[in-house]
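Computed from a predicted model, the values in this text were never measured in an experiment.
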Amino acid sequence: MKKFLAMMLALAMVASLAACSSSSSSSDTTAAETEAATEAAETEGTDETEAADSTTGDGELITVGFAQVGHESDWRTASTQSCQDVFCEANGYELVFVDCDQDSAAQLDAVRNFIEQDVDYVIIDPIVSTGWDTVLTECEEAGIPVIVIDRTIDDSDNYTAWVGSDFTAEGYAAGEWLNAYAEAKGIEISGILVIEGTTGSSAQLGRTEGFQEIADNYGWTILDSQDGDFTEAGGQEVMESYCQSYSGQFNVVICQNDNEAFGAMTAMDAAGITYGVDGDVILISFDACTAGLEYVQAGSINADFECNPLAAPFVAEIIESLEAGEEVESTVYMTEHWYVAEEDVLTSITVNGEEQELTYVTDEIVEAQY
């Protein structure tokens, strides 16, 4: 698709390539760096979809630029690894990867650099949902299709497809589960504290909106809602403040990702507050990474609402369709599950009139998770 010069520009950013079966290949640039650096990550056999023939018509590799949010959580690490595993040389790709380290300006610069390098496709997991119209117009003018994953872009539709999760639905599910669980256990909800994700991100906006709507429906009191930035340190800091300001006033804590929940647990441990199954506080999380599910299985987290990070195989299918000249769906939702710590309390919940199954966490569930 692209000419030899484009390949030379892409190769100039990569010190070495390795086959997907033994390692993933990427050019990894953090927001603080001015030059690209090669990162080879050892991988084992993967279930993820491999392209049968992902090269362009003239046999060149398909170059993909990926502007990632950062590395703030277990979820993010899994998302990055998924892309590195799928978009490797053995599958017919050259991946130019940029870790934007939570810096929105750096992410815009990364995309513009991809345009200068004349990559074939751009993948963006947007740090925030606005400020994208100009750079996406530049991609369109350069003839480079853009695929957005995970978080959404609200101020432009100049992208080919979006692959990810329905964050508002996740918020609805968490709220309906809390209501059904409290009723089944005979628990009166006295006060709720929320540790939000990065302000302005679509995950934060959707989960906050969805849960707030359910809370309003049931007349619950949300005592406070603060930004934990999707990090363990952020979750701990916010929860430490909550423990001092709202001592004895709450019995529900909502963390908008697992790493925030880990930090909140540390803070509650220090404050002598019990949580989880039969604890003082019902603890709800999102993402359902392996470590998160281990805490669910142990009874420390009552429920964890999955946000699937493995978007790369879905993106690869979109690219293959585009290479074949086929139309693609503009919105692709990935399959996700709602995980719970107690097997016999609830087996399903009703969300927007639809019955949704709950998954009890077992050893097999944990072992199969990302």
Side-chain angles (χ1 to χ4, degrees), residues 30-31 66-80 82-83 98-111 122-133 135-136 146-157 159 161-174 194-213 222 224-235 237-238 254-264 284-289 292 304-311 331-334 336:
T30 65
F66 177 27
Q68 175 63 287
V69 169
H71 49 273
E72 78 286 353
S73 64
D74 292 0
W75 190 99
R76 192 68 53 198
T77 300
S79 172
T80 295
S82 176
C83 280
V98 180
D99 179 339
C100 298
D101 202 19
Q102 301 281 354
D103 186 333
S104 296
Q107 194 166 45
L108 293 175
D109 287 342
V111 176
V122 168
I123 302 172
I124 303 170
D125 192 333
I127 296 171
V128 295
S129 59
T130 57
W132 287 101
D133 186 59
V135 73
L136 291 186
V146 174
I147 301 168
V148 180
I149 66 171
D150 177 30
R151 302 178 182 183
T152 58
I153 289 174
D154 295 339
D155 63 347
S156 175
D157 58 4
Y159 54 88
W162 172 86
V163 178
S165 305
D166 188 336
F167 301 119
T168 304
E170 292 174 359
Y172 289 151
V194 179
I195 303 178
E196 297 183 11
T198 303
T199 299
S201 67
S202 55
Q204 176 266 329
L205 294 170
R207 290 168 187 167
T208 300
E209 177 186 347
F211 185 82
Q212 181 70 59
E213 184 174 329
I222 296 180
D224 208 339
S225 189
Q226 296 183 21
D227 181 357
D229 205 27
F230 286 131
T231 67
E232 185 168 344
E237 181 179 358
V238 173
I254 312 293
C255 297
Q256 289 189 351
N257 82 338
D258 287 335
N259 289 81
E260 289 180 340
F262 305 156
I284 295 173
S285 185
F286 294 84
D287 281 2
C289 66
D304 204 340
F305 296 84
E306 185 179 36
C307 180
N308 188 346
L310 308 182
T331 300
V332 178
Y333 287 112
M334 297 184 292
E336 298 174 332

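F262 CZ to S285 OG: the interatomic distance, rounded to the nearest 0.5 Å, is 7.0 Å. The line from OG1 of T80 to CD of Q68 is 3.5 Å long, rounded to the nearest 0.5 Å. The CD1 atom of I127 sits 12.0 Å away from the OG atom of S202 when rounded to the nearest 0.5 Å. Taking CD from E260 and OG from S73, the interatomic distance works out to 9.5 Å, rounded to the nearest 0.5 Å. The structure places OH of Y172 at 8.5 Å from CG of D166, a figure rounded to the nearest 0.5 Å. In this structure, the separation between CG on L136 and OH on Y159 is 8.5 Å, given to the nearest 0.5 Å.
For the salt bridge (charged side-chain N to carboxylate O under 4.0 Å, His left out) test, no residue two or more places apart in sequence or in another chain qualifies with E196. A search for ring pair (Phe, Tyr, Trp, His ring centres under 6.0 Å) contacts involving F305 returns F286, W338, not counting sequence neighbours. The ring pair (Phe, Tyr, Trp, His ring centres under 6.0 Å) check on F66 picks up F97, with sequence neighbours excluded. With sequence neighbours left out, the salt bridge (charged side-chain N to carboxylate O under 4.0 Å, His left out) criterion links R76 to E72, D125, D150. For D229, the salt bridge (charged side-chain N to carboxylate O under 4.0 Å, His left out) criterion is met by no residue, not counting sequence neighbours. D258 pairs by the salt bridge (charged side-chain N to carboxylate O under 4.0 Å, His left out) definition with nothing, not counting sequence neighbours.
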Worked check of side-chain contact (heavy atoms from CB on, under 4.5 Å) between S225 and F211
CA-CA 12 Å; S225 189; F211 185 82; over 6 Å; no
Test side-chain contact (heavy atoms from CB on, under 4.5 Å) applied to I149 and S79, step by step:
CA-CA 10 Å; I149 66 171; S79 172; 4.2 Å; yes
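Between the side chain of E213 and the backbone N or O of E209, no donor-acceptor pair lies under 3.5 Å. Put simply, the side chain of E170 never gets that close to the backbone of R207: no donor and acceptor are under 3.5 Å apart. One N or O on the side chain of D304 and one on the backbone of A288 form a donor-acceptor pair closer than 3.5 Å. Between the side chain of N259 and the backbone N or O of D74, at least one donor-acceptor pair lies under 3.5 Å. Put simply, the side chain of W75 never gets that close to the backbone of N257: no donor and acceptor are under 3.5 Å apart. Under the 3.5 Å distance criterion, the side-chain polar atoms of D155 are matched with a main-chain donor or acceptor of G131. Of the possible donor and acceptor atoms, none in the side chain of W132 sits under 3.5 Å from a partner among the backbone N and O of L108.
E237 CD: 12 or fewer foreign heavy atoms inside a 6.0 Å radius.
The minimum heavy-atom distance linking Q107 with V69 is given by the pair NE2-N, 4.1 Å. A pairwise comparison of heavy atoms in F167 and C307 identifies CE2-SG, 3.8 Å as the closest pair. Taking all atoms of both residues into account, the shortest heavy-atom contact from T199 to V128 is O-CG1, 4.3 Å. Of all heavy-atom pairs between I124 and V122, the closest is CG1-CG1, 3.7 Å. Residues P309 and S82 approach most closely at O-CB, 4.4 Å, considering heavy atoms. Between Q204 and T198 the shortest heavy-atom distance is CB-O, 3.3 Å.
Defined by atom type and a distance below 3.5 Å, a donor-acceptor pair is present between the side-chain atoms of T208 and Q256.
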